[in-house]
Number of protein chains: 2
Amino acid sequence: MPETAAGERPKAETLFVNSVEKGFRVLEAFRTSGRPLGLKEIAAATGLDKSAAQRFSNTLHELGYLAKDPRTRRYRPGIRLMDFSFTYLSQNRLAEIAVARLIEAGKRYQTTINLCELIDTEIIYTIRIPHERASFVATVPGRRMPAFCTAGGTAILAFRPPEEAAQVVDASDRRPLTDHTIVERDAVLARIARARRQGYGIGIEQSLPREISVAAPVLDNNGRALAAVQIPVYKPQWSVREARAKIAPLVMETARSISGSLMGSDG
Amino acid sequence: MPETAAGERPKAETLFVNSVEKGFRVLEAFRTSGRPLGLKEIAAATGLDKSAAQRFSNTLHELGYLAKDPRTRRYRPGIRLMDFSFTYLSQNRLAEIAVARLIEAGKRYQTTINLCELIDTEIIYTIRIPHERASFVATVPGRRMPAFCTAGGTAILAFRPPEEAAQVVDASDRRPLTDHTIVERDAVLARIARARRQGYGIGIEQSLPREISVAAPVLDNNGRALAAVQIPVYKPQWSVREARAKIAPLVMETARSISGSLMGSDG
DNA sequence: CCTGTAATATTATATTATAATACTTATTAT
DNA sequence: ATAATAAGTATTATAATATAATATTACAGG
């Protein structure tokens, strides 16, 4: 019975194809699980029943978005998922401009350097120019991290309207990622305010042990942050003082250079 | 009328959810178009009718996989598409092992270095460690190229059963990408055979002007290629002779090192 | 300002996804 | 080895959901 609920959306009712959403829900299960999944597990992870899990997994498999091990009968993400990364990045002016600058900066200063964007309460690393070995996932494009405890997130929120930043912080799942993660609302907001004054965000072991993360915002012509340039360095090779002295100017300069190019052509 | 055609699939009939496929078909249109698309254009590109284009675009938009410019009412790829890159890579043992080796090699030899995998008749670059400026799309993970005229494709096909290689070549759309692209079936197969003898593939301006591309296969324990390590260098800074002397050993060593680690743990 | 085109919203209809069930294949314990 | 249990696979009748026709609204070009 499709009863007309109180908070109904007058339009989307019929313009939203539920089956599409369910298909993506299955893929989403693989992102969060991080391991191959059997049908039963897919059903459990997605909230779909056994039959639905079967139908959607099968469909995704036939399309090439899921691979299947015939021995274990488990599914895993298929190579074809890589298409979407290209689809997004290849027609993204920000990415196009940023890649050149990031490669240049990474080469000149012999450092890892990343670009990240905000999505809901998280950041997604879109461009990664790795320079030294690091934990594997820290090198993977598309990786998400909470915005509230990352330098990139802080740098972006610092250059959004304060009420937007507060909303994001409030909506965040603020579980600590390390012993040092600052999770209290006001402390997090203070860090964001400080990033605004300084022009860059810095996180000391906020999301990863030993990591000092520094990030500066890429701005549009209204001064609103679109993304952040981020560089991680590690204790004990680096001190916080050194990071502020050497890395902060570097991320700010790179971010500013990207902002500048961005405004040049279109707006 | 769902008439039971001659070559019917007894099973998939009901286990395949068409709406899922249509949703992906819309995203696919953005991959190939490379630009924002209006509803009419989406309909044209996908073969969906006006209403279907509307429903699927709207659904994808609500889910965050498409963004929409309210001014122009055109859709473009959404940031959320980056999730899939993470989903694929983060649970890929090959990628995990390869990233460390590629970063190391790229740093030591101060070079761009990539990993690519075969999908149908194309290769997809899965890991890219860029080191110098290049055309933007050449730095984007998820980029596809025809296998038949790329060093990576040649290297992979060289270490697949000959009949499989021939099938891929036959199925390929062999339109030339440069003035030098070799497209004749037998010539392409000869290049593959030579790559097998040499242990690496090399392409001289086969897919990009000035580019000399060198690649070596990552093998499983049966000697079958899973992927290829690829390095591009450019004329006139590099000659073919130099590339063979310096780059070929480098890609072979890196690929062999990955193959070795791969067999170490699991199989 | 008018005209043609594209986008958006609405609705009745039947196609298509659904979920119950039966069957098959693996895994595990005895 | 064999049985028992669990998971995956295939089939089908049913109704819910996607569909596509149409009406309305917004935009762009002359």
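Here is the naming used below: chain letters follow the sequence lines, and residue numbers restart at 1 for every chain. Predicted model, so just to flag it, every value in this text is computed and none were measured.
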Can we call the ring centroids of B:F84 and B:Y65 under 6.0 Å apart?
yes
With A:V218, which residues qualify under side-chain contact (heavy atoms from CB on, under 4.5 Å), at least two apart?
A:L94, A:L115, A:A227, A:V229, A:A255, A:I258, A:S259, A:L262
Take the protein atom CZ of A:F16 and the nucleotide atom P of D:dT17, then report the distance between them rounded to whole Å.
13 Å
Expressed in angstrom and rounded to an integer, what is the separation of A:K22 atom NZ from D:dT17 atom P?
7 Å
Contact string for nucleotides 21-30 of chain D, one letter per nucleotide 5' to 3', B = base within protein heavy-atom range under 4.0 Å, S = sugar-phosphate only, - = neither, reads B-B---S---
Row check, A:F159 ring normal vs A:R196 NZ/CZ: under 6.0 Å, within 45°
yes
Only counting residues at least two apart or in another chain, list the ones meeting ring-ring contact (aromatic ring centres under 6.0 Å, His included) with A:Y125.
none
With sequence neighbours excluded, tell me which residues meet side chain to side chain donor-acceptor pair (under 3.5 Å) with A:Q167.
none
side-chain contact (heavy atoms from CB on, under 4.5 Å) with B:D49: which residues, sequence neighbours excluded?
B:S51, B:A52
Could you spell out the base pairing of DNA chain C as a dot-bracket line? Use Watson-Crick and G-U wobble contacts where both distances are under 3.5 Å, [ ] for crossing pairs, | for partners on a different strand.
||||||||||||||||||||||||||||||
Qualifying residues under salt bridge (Lys or Arg N to Asp or Glu O under 4.0 Å), relative to B:R160, sequence neighbours excluded:
B:E164
Whole-Å gap separating P (C:dT16) and CG (B:L15):
16 Å
Establish, with yes or no, whether the OP1 or OP2 oxygen of D:dT9 is under 4.0 angstrom from a side-chain nitrogen or oxygen of A:N58.
no
Respond yes when some side-chain nitrogen or oxygen of B:T14 is under 4.0 Å from OP1 or OP2 of D:dT11, and no when none is.
no
Not counting sequence neighbours, which residues clear ring-ring contact (aromatic ring centres under 6.0 Å, His included) with A:F30? List them please.
none
What is the distance, to the nearest angstrom, from the CZ atom on A:R74 to the C1' atom on C:dT27?
12 Å
For residues 34-47 of chain A, which residues have at least one heavy atom under 4.0 Å from DNA chain D?
A:G38, A:L39, A:K40
Of all residues at least two apart in sequence or in a different chain, which pass the side-chain contact (heavy atoms from CB on, under 4.5 Å) check with A:R133?
B:A100, B:E104
Rounded to whole angstrom units, what separation is found between the CG atom of B:L48 and the P atom of C:dA6?
17 Å
List the residues meeting side chain to side chain donor-acceptor pair (under 3.5 Å) with A:R25, not counting sequence neighbours, and say none if there are none.
A:E21
Taken in chain and number order and not counting sequence neighbours, the residues that satisfy side-chain contact (heavy atoms from CB on, under 4.5 Å) with B:P162 are none
